[in-house]
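A short worksheet on the structure shown next.
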Amino acid sequence: MPELPDVEVFRRRVGAQGLGRRIEAVDVRDHKRLHHVSAARLERELRGHAFDAVRRHGKVLFLRIGGNSHQLVLHFGMTGAVAFYDDPDNEPAHARFVLGFDDGGRFAFDNQRRFGWIELADDIEGYLAAKGIGPDALAFDADDLQALLAGRRGMIKPALMDQETIAGIGNVYSDEILFQAGVRPDRRVADLTTQEIGTIHCQLQRVLETAIEHDAAPAHMPRTWITPHRGGDDPCPRCGGKLKTRRVSGRSAWFCPQCQQ
DNA sequence: CACGTTGTTCTTCC
DNA sequence: TGGAAGAACAACGT
């Protein structure tokens, strides 16, 4: 489920392998992935150009098209990745959008469950403003978080997941942040102390940065994390007690009732 | 085969 | 009132 760490890994992949390569073929395999842009327009804007910059904001990836300075916008929904490959046999199984470079290499937007989308934007700031997407989760301090959460009446987990409040955190990492911070997902934001919000901010940074260092692969996360134990009968990695799951705001939250208050 | 997963949209509710 | 939460939706592999 591509959240901020996953998309950051994709950003680095594009930065390392996707810049400066001239695009000569544009292959839209699934037209329903295109939002507010036709395949013809996309082909016209991409062909003959190369990406010259790549940025991430929250869960959204922006590839700047050199020459016209438009942004190719990628959102992955709940599944997906970007892939570079030379041998067509190495194409990912669910490539919905494929670019061919003039050096023979290819780029694929892989999106098994087709909840992702592709757009074209004039500029990043305008796109984020139009979508109402809030500040990136790695771009603010504890005081900012305090301000972002001020006046909220709901629970902390959905607040962390609200992309208009904070961009980049989804179901899995919100649980991990709250587990590390020792705060239950269903705690009311209004009842949190300044110190608890400070702890949440600290863990938010640490969890996301650590996840990026581990290539956002759940199996590679520290054993002291709850993420690798989601969905199973594993005991709490911290106290050995029984983990609990509960629907919070329509999502399954996993937490430890002993370690989290 | 019901489930789980995301963002969006609509509805319900305090 | 309006902010939150919930339900439905779109897709598909397990």
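As the structure is a prediction and not an experimental result, all values here were calculated from the model. In what follows, chains carry the letters A, B, and so on, assigned in the order in which the sequence lines appear, proteins first and then strands, with residues in each chain numbered from 1.
- Atom P of nucleotide B/dT6 and atom CG of A/Leu4 are separated by 14 Å, given to the nearest angstrom.
- If you check B/dG4, C/dA5, B/dT6 against the side chain of A/Glu3, the one that comes closest is B/dT6.
- The salt bridge (charged side-chain N to carboxylate O under 4.0 Å, His left out) search around A/Arg230 returns A/Asp175, not counting sequence neighbours.
- When the P atom of B/dT9 is taken as reference, atom NE2 of A/His35 falls 10 Å away, rounded to whole Å.
- Screening residues 95-110 of chain A for salt bridge (charged side-chain N to carboxylate O under 4.0 Å, His left out), with sequence neighbours left out, gives A/Arg21-A/Asp103.
- Pairs of residues two or more places apart, or lying in two chains, that qualify as side chain to side chain donor-acceptor pair (under 3.5 Å) and include a residue from residues 240-249 of chain A are A/Asp186-A/Arg246.
- Between A/His35 and A/Trp117, the ring planes lie parallel to each other; the angle is under 30°, not in the 30° to 60° tilted range.
- Taking the C1' atoms of five terminal pairs at each end of the helix from B/dA2-C/dT14 to B/dC14-C/dG2, the two resulting helix axes are inclined by 40°, rounded to 10°.
- Side-chain atoms of A/Ser174 and A/Arg251 include no donor-acceptor pair closer than 3.5 Å.
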(request) Between protein and nucleotides 8-14 of chain C, map the contacts as a letter string: B base, S sugar-phosphate only, - none, heavy atoms under 4.0 Å, written 5' to 3'. (result) --BBBB-

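- Separating the NE2 atom of A/His75 from the C1' atom of B/dT6 is a distance of 7 Å, rounded to the nearest angstrom.
- Hydrophobic cluster of A/Leu204: the remaining members, joined at side-chain heavy-atom separations below 4.5 Å, are A/Leu4, A/Leu138, A/Phe140, A/Leu145, A/Leu148, A/Leu149, A/Ile156, A/Leu160, A/Ile166, A/Ile169, A/Tyr173, A/Ile177, A/Leu178, A/Val183, A/Val189, A/Leu192, A/Ile197, A/Ile200, A/Val207, A/Leu208, A/Ile212, A/Met221, A/Trp225, listed by chain and number.
- For the segment residues 151-167 of chain A, the set of residues with a heavy atom within less than 4.0 Å of an atom of DNA chain C comprises A/Arg152, A/Arg153, A/Gly154, A/Met155, A/Pro158, in numerical order.
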What donor-acceptor contacts under 3.5 angstrom involve side-chain atoms of residues 13-20 of chain A, with partners at least two apart or in another chain?
unit_1: A/Arg13; atom_1: NH1; unit_2: A/Val82; atom_2: O; d: 2.8

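- Residues A/Val98 make up the rest of the hydrophobic cluster containing A/Tyr85, defined by ILVMFWY side-chain heavy atoms closer than 4.5 Å, directly or through other members.
- Within the structure, every pair that satisfies the salt bridge (charged side-chain N to carboxylate O under 4.0 Å, His left out) test and touches residues 190-218 of chain A, not counting sequence neighbours, is listed here: A/Arg187-A/Glu196.
- Among the nucleotides B/dT6, C/dG6, B/dG4, the one closest to the side chain of A/Asn171 is B/dT6.
- Side-chain N/O atoms of A/Lys59 include none lying less than 4.0 angstrom from OP1 or OP2 on B/dT6.
- With sequence neighbours left out, the side chain to side chain contact (heavy atoms under 4.5 Å, CB included) criterion links A/Asp87 to A/Asp89, A/Asn90.
- We find that CZ of A/Arg247 is positioned 10 Å from P of B/dC3, with the value rounded to whole Å.
- With sequence neighbours left out, the side chain to side chain contact (heavy atoms under 4.5 Å, CB included) criterion links A/Glu164 to A/Asp162.
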